[in-house]
Amino acid sequence: MSKGESNEFRPALEAAIASFGLEPLTESQINRMAAHFQMLCKWNQRVNLTRIIKPREAAKLHYAESIFGARFIGDEHAILDIGSGAGFPAIPMAIVRPDLEVTAIEANQKKALFLKEVKDALELGNLNVINARLEDFDWSAYALLTSRALERAETVFQTLIDHMGVNQRLMLYCTAELAAKLGEHAPPKSRVATHAIPHSESRVVAVFSIWSAPPHGKGSS
């Protein structure tokens, strides 16, 4: 990232946050996100973290969008970000919500290493990084699961919804089309609330939850 791009990111981030109708960031929060963005651009030259690296696009599509989702966390104190990749939404959430315990699970070893370096560089004591596949990880204890970009997203998200417990919620950053499709195949006693992401024609934050125990086995009511 050039010096010009580095200088451009800060005002772009502030403008994006304002355009989303979000609370202004503190100087410390801006500094941490700028440091994350700088590390992201540097690592992205050798590890495929993201294709969005232009300051204005990244500020809006990565950071402001991630923080927008924090509106729907509610009273939860611990969240699991599945397939965190470059750290979205885990890192912006950990920065703006120091009261949250944020766990980022990432199967790719190099991406997980990047996340651990960011955690140390930004001194994010409320961020935990786990290098593991979701299939090998027990996520049953997390009341709120979130995910923003995954390979085989439809299959993975459907599996998560099908196996959610009564006290769990799944917050997805996805297209309205995918949210509707997942909703059609969700368990009978689940519900979904969708929230349009500002400045996007198709993306939403979709929150799936189970409001009563799902039936167990055929013939259950």
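No side-chain heavy atom of Tyr63 sits under 4.5 Å from any side-chain heavy atom of Ile17. For the pair Met33 and Leu122, the minimum side-chain heavy-atom distance is 4.5 Å or more. Using a 4.5 Å heavy-atom threshold, the side chains of Phe208 and Ser190 count as separate. You'll find the side chain of Ile210 stays beyond 4.5 Å of the side chain of Gln168, heavy atoms only. The side-chain heavy atoms of Glu27 and Arg10, taken from C-beta on, include a pair separated by under 4.5 Å. Inter-residue side-chain proximity for Thr50 and Leu40 is flagged as met; some heavy-atom pair is nearer than 4.5 Å. At a threshold of 4.5 Å between non-hydrogen side-chain atoms, the residues Leu113 and Trp43 count as touching. Looking at Val47 and Lys111, their side chains come closer than 4.5 Å, going by heavy atoms from C-beta outward.
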Passes side-chain contact (heavy atoms from CB on, under 4.5 Å), Glu65 versus Arg203? Steps please.
CA-CA 10 Å; Glu65 184 174 298; Arg203 287 179 61 73; 2.6 Å; yes

Kindly indicate, with the supporting measurements, whether the criterion side-chain contact (heavy atoms from CB on, under 4.5 Å) is fulfilled by Leu22 and Arg71.
CA-CA 9 Å; Leu22 300 170; Arg71 284 184 167 182; 3.6 Å; yes

With ring-ring contact (aromatic ring centres under 6.0 Å, His included) as the criterion, how do His62 and Phe37 come out once you've worked through the C-alpha distance, each side chain's angles and the decisive distance to 0.1 Å?
CA-CA 10 Å; His62 282 328; Phe37 179 62; 8.5 Å; no

Checking ring-ring contact (aromatic ring centres under 6.0 Å, His included) for the pair His36/Phe9: CA distance, chi angles, key distance, verdict?
CA-CA 11 Å; His36 173 227; Phe9 177 75; 8.9 Å; no

Please step through side-chain contact (heavy atoms from CB on, under 4.5 Å) for the pair Asn128 and Glu101, ending with a clear verdict.
CA-CA 8 Å; Asn128 304 303; Glu101 282 294 324; 3.4 Å; yes

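The environment of CZ in Arg56 is sparse: at most 12 heavy-atom neighbours from other residues, nucleotides or ligands sit within 6.0 Å. Counting heavy atoms of neighbouring residues, nucleotides and ligands inside a 6.0 Å radius, atom CD of Glu117 exceeds 12 of them. The local environment of CZ in Arg191 is sparse, with at most 12 non-hydrogen atoms from other residues, nucleotides or ligands closer than 6.0 Å. Around atom CZ of Arg51, no more than 12 heavy atoms belonging to other residues, nucleotides or ligands sit under 6.0 Å away. For His163, the NE2 atom sits in a loose shell: 12 or fewer heavy atoms of surrounding residues, nucleotides or ligands are nearer than 6.0 Å. Counted within 6.0 Å of CG on Asn31, heavy atoms from surrounding residues, nucleotides or ligands total more than 12; the atom is thus considered enclosed. Around atom CG of Asp75, no more than 12 heavy atoms belonging to other residues, nucleotides or ligands sit under 6.0 Å away. The number of heavy-atom neighbours closer than 6.0 Å to NE2 of His199, taken from other residues, nucleotides and ligands shown, is above 12.
In this structure, OG1 on Thr103 lies 11.0 Å from CD1 on Ile82, to the nearest 0.5 angstrom. Atom CD1 in Ile105 sits 8.0 Å away from atom OH in Tyr142 (nearest 0.5 Å). Note that CZ of Phe88 is 10.0 Å distant from CG of Leu61, once rounded to the nearest 0.5 Å. How far CE of Met93 is from CE of Met171: 3.5 Å, rounded to the nearest 0.5 Å. Taking CG of Leu134 as the reference point, atom CG of Leu80 lies at 7.5 Å (rounded to 0.5 Å). Atom CZ of Arg32 sits about 5.0 Å away from atom CG of Leu124, to the nearest 0.5 Å.
Looking at every heavy atom in both residues, Leu115 comes nearest to Ala104 through CD1-CB, 4.3 Å. Shown here for Ile52 and Ala58, the closest heavy-atom pair between the two residues is CG2-N, 3.7 Å. Heavy atoms only, all atoms of each residue included: Pro92 and Gly87 are closest at CD-O, 3.3 Å. In plain terms, the two heavy atoms of Ser66 and Pro89 that are nearest each other are OG-CA, 3.3 Å.
Transitive grouping of hydrophobic side chains (ILVMFWY, heavy atoms separated by less than 4.5 Å) brings Val207 and Ile73 into a common cluster. Residues Ile67 and Phe72 are members of one and the same hydrophobic cluster, defined by side-chain heavy-atom contacts under 4.5 angstrom among Ile, Leu, Val, Met, Phe, Trp and Tyr.
Between the side chain of Gln158 and the backbone N or O of His185, at least one donor-acceptor pair lies under 3.5 Å. In this structure, the side chain of Glu177 does not engage the main chain of Ser202 through any donor-acceptor pair within 3.5 Å. One N or O on the side chain of Asn126 and one on the backbone of Arg97 form a donor-acceptor pair closer than 3.5 Å.
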